[in-house]
Amino acid sequence: MGKVGGFLEVHRAGMIHRDPAERVSDYSEFVVQRSDEELAEQGGRCMECGVPFCHNGCPLGNLIPDWNDMVYRGRWEEAIRQLHATNNFPEFTGRLCPAPCEAACVLEIRENDAVTIKQIELAIIDRAWKEGWVRPQPPRRETGHRVAVVGSGPAGMAAAQQLRRSGHRVVLFERDEAAGGLVRFGVPDFKIEKGIVERRVGQLVAEGVELRCGVDVGIDLTVEQLKREFDAVVLATGSREPRDLDVPGRDLAGIHYAMDYLYGRNRAIAAGGTGSNPVRAGTEGPPSAKGKNVVVIGGGDTGADCVGNSLREGATQVVQLELLPEPPESRPDGETPWPLWPKKFRLSYAMEEALDVERGEQDFSVTTTSFAGQDGRVTHLNAARAGNEPPFGPVEGSDFEIPADLVLLAMGFLHPEQALPDALGCELDGKGNVKAGTYATTVQGVFAAGDARRGQSLIVWAINEGRQCARMVDRYLGDLPSPEILSGNVESEDEGPEGPPLHVSPGLPADDG
């Protein structure tokens, strides 16, 4: 498998990014793909490990050594079959996943030397689309059962696709004007262009999934109608209740949740023709960072996306604040030893841009104590150094101010919006997520997947959740009486493997009491 001794001869060569000073002037993707020859060399570094820990690092259980070897040998069409066997949307994960598989790679025992798995995955799927190897796979038979999937993010899309391919009639509901969830509206075009999302949506529709956008289930379609019209319901609504910051001055104008800003920017870019695959603009003008001092509170991916968007809008300066202490530069073996995800400092793409153009900075161990303003609008943020231990309170005598015309709260999410689960009668766990230990909720025929079930998590987990939830729904429907109906829409079967039939990695979480 791979090149014998390749990991000793070939150095790791990761993803190439466009120059930061260049890319802040547009909304095109900033990742540049390597040549086939370079990718083959990188694939050849993969060893035939006795225990491939990358499988455990990837929640989808991707067959990573298999398709690494195929890329090394130039067998690209076989590689996409192996990749699609476990992952419905590798072009999403290849762009947006932080790659826990690479952290678990055996070569990562020597830090920063893992096989470039994410880069190879993205190259496989991009080539597959280019060559026309990605085609609709409609079911050979219809079961006659109807399933409603509520929420069209990665979890909902994956569940809908798996259920449709099993022969069920699937309706995918989305309250926004286009499908894709946060991948469509929350992630900027420069990380994933929206035409990439739309072509997957087109595949779902071609396979027979009925898409209903602009429908707020529970309001536009009542719970009674939902139960009456469908044999099963999948809640894949995400974790959309944002964490707020309860400090004096929070009610001042100019302080917004990060997703309100990102949704507004994505809609504005698409409507203005500078993004791909335009969609309807929002009815109200989105918050703008142009010419403003921007403060982003929260150091994660959402905060980084706010920084990147603000720079492209033309913010005067952008300051990103993190409550927790700055992580160490290298893996702390005492806390997160290999193959765990290492708790270490990573400079985000957005902060790389901010530092390069000298319009931003990042600070750690900072707690916001209040906001101040003039004429009802925020003008600055009052902060202090935070202690190193929970509850990370302010250190006495360390107060300081930061100018702020726009403040974006990117501190994560608490749980899913609870109106629909409550209306359906679903029990919630101790964190406010839908209680569904094996994807089945406490209401018969109602299932949950993705962030709505497990809380805010990674896109790779969302796809895994959608796939596994679909398996449980299919089993449930199999116990219901229904005639099997020939669809008349018969295609050749996929020649690739079906993947590990019972794989759930690294295990379902226990129910919260």
Side-chain angles (χ1 to χ4, degrees), residues 52-64 66-67 80 82-104 117-118 121-122 124-125 147 149-166 170 172 180-183 187 192 197 200 204 234-239 301 339-341 413 416 433-434 436-441 447-475 496-511:
F53 284 86
C54 56
H55 284 189
N56 189 62
C58 175
L60 283 163
N62 280 336
L63 308 174
I64 294 165
D66 301 64
W67 42 259
I80 188 57
Q82 294 280 8
L83 184 49
H84 269 155
T86 55
N87 188 350
N88 296 64
F89 316 120
E91 65 270 47
F92 295 0
T93 51
R95 285 171 169 83
L96 305 178
C97 180
C101 53
E102 294 189 19
I117 299 168
K118 177 178 174 179
E121 175 185 37
L122 181 57
I124 293 169
I125 183 57
V147 183
V149 179
V150 185
S152 70
M157 288 177 65
Q161 186 163 68
Q162 294 298 104
L163 286 164
R164 179 59 193 147
R165 289 177 177 180
S166 296
V170 180
L172 182 59
L182 292 188
V183 177
V187 181
I192 182 167
V197 180
R200 273 298 181 184
L204 263 65
V234 175
L235 298 179
T237 55
S239 181
D301 286 344
L340 300 180
W341 178 255
F413 300 87
N433 302 315
V434 180
T438 52
Y439 303 97
T441 72
F447 299 79
D451 291 359
R453 187 190 82 94
R454 64 177 290 114
Q456 184 186 12
S457 191
L458 305 177
I459 186 172
V460 67
W461 268 113
I463 297 171
N464 176 73
E465 290 262 318
R467 289 173 62 89
Q468 299 303 328
C469 181
R471 187 186 305 279
M472 300 306 292
V473 175
D474 186 50
R475 289 180 182 176
E498 295 181 358
L502 298 176
H503 175 77
V504 181
S505 172
L508 291 170
D511 289 344

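Atom SG of residue Cys54 and atom CG of residue Leu63 lie 9.5 Å apart, to the nearest 0.5 angstrom. Expressed to the nearest 0.5 Å, how far CG of Asn87 lies from CD1 of Ile125 amounts to 8.5 Å. Atom OG1 of Thr438 sits about 8.0 Å away from atom CZ of Arg453, to the nearest 0.5 Å. Once rounded to the nearest 0.5 Å, the distance linking CG of Leu172 with CZ of Arg164 reads 13.0 Å. Rounding to the nearest 0.5 Å gives a distance of 7.5 Å between CG of Leu163 and SG of Cys469. Here the OG atom belonging to Ser166 is positioned 9.0 Å from the CZ atom belonging to Arg471, to the nearest 0.5 angstrom.
Judged as a side-chain hydrogen bond (donor to acceptor under 3.5 Å, both in side chains), and not counting sequence neighbours, the contacts of Ser152 are Glu174. Under the side-chain hydrogen bond (donor to acceptor under 3.5 Å, both in side chains) criterion, Glu102 pairs with Arg12, not counting sequence neighbours.
You'll find the side chain of Lys118 stays beyond 4.5 Å of the side chain of Cys101, heavy atoms only. Residues Asn88 and Met157 have side chains not in contact (no heavy-atom distance under 4.5 Å, counting atoms from C-beta outward).
Pairs engaging residues 85-95 under the salt bridge (charged side-chain N to carboxylate O under 4.0 Å, His left out) rule: Glu29-Arg95, Glu91-Arg200, Arg95-Asp126 [sequence neighbours left out].
The heavy-atom pair separating Gly94 from Leu122 by the smallest distance is O-CD2, 3.7 Å. Between Pro154 and Ala462, the closest heavy-atom pair is CB-CB, 4.1 Å.
At distances below 3.5 Å, not a single donor-acceptor pair connects side-chain atoms of Gln456 with backbone N or O atoms of Ser239. Not a single donor-acceptor pair under 3.5 Å links the side chain of Arg467 to the backbone N or O of Gln162. Side-chain atoms of Glu465 never come within 3.5 Å of backbone atoms of Ala449 as a donor-acceptor pair (strictly under, hydrogens ignored).
Remark: Asp301 CG is loosely packed, at most 12 non-hydrogen atoms of other residues, nucleotides or ligands lying under 6.0 Å away.
For the side-chain contact (heavy atoms from CB on, under 4.5 Å) test with Trp461, the passing option among Pro59, Pro100, Cys97 is Pro59; the others fail.
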Query - Stepwise side-chain contact (heavy atoms from CB on, under 4.5 Å) test for Trp67 and Asn62 - result: CA-CA 9 Å; Trp67 42 259; Asn62 280 336; 4.2 Å; yes
